[in-house]
Amino acid sequence: MTEPTATAPAPEPEKKLTLAGTPTSPDFIREIVIEDQASGKHGGRVVTRFPPEPNGYLHLGHAKSICLNFGLAKEFGGRCHLRMDDTNPAKEEMEYIEAIHRDVAWLGFSWGEHEYYASDYFEKLYQHAETLILRGLAYVDSLSADEIRAHRGTLTAPGKNSPYRDRSIEENLDLFRKMRAGEFPDGAHILRAKIDMASPNITMRDPALYRIRRHTHPRTGDAWCIYPMYDYAHPLSDELEAVTHSVCTLEFEAHRPLYDWLLVSLDTPNRPQQIEFARLNLTYTVLSKRRLLELVNGKFVNGWDDPRMPTLSGVRRRGFTPEAIRAFCERIGVAKRDSMVDVSLLEHAVREDLNARSPRVFGVLRPVKVVIETYPEGEVEHFDAVNNPEDPSAGTRSVPFSRELYIEADDFREDPPKKFFRLAPGREVRLRYAYLVTCKEVVRDAEGNIVEIRCTHDPASRGGNAPDGRRVQGTIHWVSAAHAVDAEVRLYDRLFSVENPNAEESYLDKLNPASLEVLPHAKLEPSLAGKPAGWLCQFERLGYFCADPDGTPGKPVYNRTLTLKDSWAKIEAKG
RNA sequence: UGGGGAGUCGGCAAGUGGUAAGCCAGCGGUCUUUGGAACCGCCUAUCGGAGGUUCGAAUCCUCCCUCCCCAGCCA
């Protein structure tokens, strides 16, 4: 535990910029923090926390919260705690705790020494509960769960007091101690706050504070058989850590009176302030741990880190960068309005980052053999290719060229439609960085499939330009057949086929059957063998790709992160 | 029907009494050895609705409408 430290002079809040570089105005939470700091509230300190329950993997919705909480701390000279909200051992696991560490760090934030667990506070929380009992503000109820529900009333009808509501302080204390000592079976009793069963806010109708639940806890093992509820543990954990601004999502807004009630009832020295914002919703995906767990358990995807998943481990494997995700989180803003962000905004942020940083390479997804009849057999020459036109310092690489090549099946049309500028019978195109070639013949097999395209080249066009200055409308990429690396390439598309799968009766029915396409024999330029998992690049004209951990030195596997914008596809779609 | 929130361009989102930023998407164009990138235009929103206050309102007041959250011993 870290005690609040003396007030340090607040540094000027960092000037926030959008991706485009224009200044942005502070969101409503930052406005609150600015005011609090100006007025000296909380001694001018800013302490936030990111409090995940380790019951699943972090997803893009969490990224919004992480960026907000850690961003606030950084901008206002404070700190942000990473706190595992581990008050329900039935759902929590070490695996999730480890994944949370990995994902937060990967996103680019560090909590330093400030890693906490609600379970570390179990003893203190227990003592606070006894204090509440002593003050006549909590009681042990012996109604069953069903009876409690029946007594709670409805949205419009007040609840009724439990017959156990007026037990003496002594009896309550005795029973609560016996609850802790394990003298009762699960569910026999429960500790409740004594507030108001007629409150119009259902949260305030004597909320449960502690339940008996025999379950081995990932961290405390079998030390406890009673566990605190979120509504009880959360404000007190914030208080113990001297958190100043406790940022959470909208659904907890109605719980704020209870949050404050506990701090006042226990007369705590620190008074953290709960502030609620709208959670992230993204088109064509689901962002709820429950649903993501179902996708994993139901084998609808290949695990939490399936590249189609909106989990941080999934988008990482897909090739999204932390920089892009942070930029995305900045762009979507923070507000209280329920909203649904277009996934294209995320994709834009990813492309923007990848365009600037990824080396360009040649990869042919659906190969078709091309033979340059006029090129000598057995000859090999090397062409220098620019690694990244956006970054001259990235330099160049050497790419081998020979008589037999692979080109993209999509780059050839026997009967080219209007505006199709690629290869077709009789047409001349540029093989990028190499030669101008002209298609002379198409060779087919018995079934009529194209097995080979035969071309001639203009030796004078070495490098890609003809000395006579003639222009060519298309430039296509290629890979030397003899030098090609055989690879598996996985193409991904949106996981769901509808914008808002959450609105569906059964969101599982709306899974996109074409969300994954595996191309077993793509042909890549030789430099692509043996790249480490996670290595990012752009396959020219196709999209951004990254090496997948499933690859081996002899058979790399590449994931398509995103396609490049494809204006030809647009033209073609319009007919 | 109780309580708590929210309603500004197709999607996010600025604006906090002085006469509606920006981004994404979309559309058109320039350029191009990635039909990528970049660049240039367009995208003509009166601000959920109706009243009212005011010289002047998205911004203040009133009433209404719509949407979201809450009846776990989940978080």
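No hydrogens, no waters, no symmetry mates; every other heavy atom, side chains included, goes into these values. Naming: A, B, ... by sequence-line order, numbering from 1 per chain.
- Evaluation of the ring-ring contact (aromatic ring centres under 6.0 Å, His included) rule for A:W261 yields no partner, not counting sequence neighbours.
- Under the ring-ring contact (aromatic ring centres under 6.0 Å, His included) criterion, A:F412 pairs with no residue at all, not counting sequence neighbours.
- Note on residues 148-161 of chain A: pairs passing salt bridge (Lys or Arg N to Asp or Glu O under 4.0 Å), not counting sequence neighbours, are A:D146-A:R149.
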Give me, pair by pair, the N or O atoms of the protein and of nucleotides 71-75 of chain B that are less than 3.5 Å apart, along with how far apart they are.
| unit_1 | atom_1 | unit_2 | atom_2 | d |
| --- | --- | --- | --- | --- |
| B:A71 | O2' | A:R152 | NE | 3.1 |
| B:G72 | OP2 | A:R149 | NE | 3.2 |
| B:G72 | OP2 | A:R152 | NH2 | 3.1 |
| B:C73 | OP1 | A:R152 | NH2 | 3.1 |
| B:C73 | OP2 | A:R152 | NH1 | 3.2 |
| B:C73 | N4 | A:L143 | O | 3.0 |
| B:C73 | N4 | A:A145 | N | 2.9 |
| B:C73 | N4 | A:G187 | O | 3.3 |
| B:C74 | OP1 | A:R213 | NH2 | 3.4 |
| B:C74 | OP2 | A:R211 | NE | 3.2 |
| B:C74 | OP2 | A:R211 | NH2 | 3.1 |
| B:C74 | OP2 | A:R213 | NH2 | 2.3 |
| B:C74 | O3' | A:R211 | NH2 | 3.3 |
| B:C74 | O2' | A:N88 | ND2 | 3.1 |
| B:A75 | OP1 | A:T87 | OG1 | 2.7 |
| B:A75 | OP1 | A:R211 | NH1 | 3.4 |
| B:A75 | OP1 | A:R211 | NH2 | 3.0 |
| B:A75 | OP2 | A:Y230 | N | 2.9 |
| B:A75 | O3' | A:D85 | OD2 | 3.4 |

Would you be so kind as to tabulate the donor-acceptor pairs closer than 3.5 Å made by side chains of residues 178-185 of chain A, with sequence neighbours excluded?
| unit_1 | atom_1 | unit_2 | atom_2 | d |
| --- | --- | --- | --- | --- |
| A:K178 | NZ | A:D174 | OD2 | 3.1 |
| A:R180 | NH1 | A:E123 | OE1 | 3.3 |
| A:R180 | NH1 | A:E123 | OE2 | 3.2 |
| A:R180 | NH2 | A:E123 | OE1 | 2.6 |

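- The base of B:G10 is not paired with the side chain of A:E499 by any donor and acceptor separated by under 3.5 Å.
- Taking atom CD1 of A:I476 as the reference point, atom P of B:U34 lies 13 Å away to the nearest angstrom.
- Every residue meeting the side chain to side chain contact (heavy atoms under 4.5 Å, CB included) condition with A:T249, not counting sequence neighbours, appears here in chain and number order: A:E251, A:F252, A:F277, A:R279.
- Atom NZ in A:K565 sits roughly 9 Å away from atom C1' in B:C24 (whole-Å rounding).
- Note: CZ (A:F421) to P (B:U32) measures 14 Å, nearest angstrom.
- Residue contacts for A:F420: at a heavy-atom cut-off of 4.0 Å it reaches a base atom on one of the strands shown.
- Pair assignment for B:A13: none, as no Watson-Crick or G-U wobble contacts are both less than 3.5 Å.
- When the C1' atom of B:A25 is taken as reference, atom CD1 of A:I332 falls 16 Å away, rounded to whole Å.
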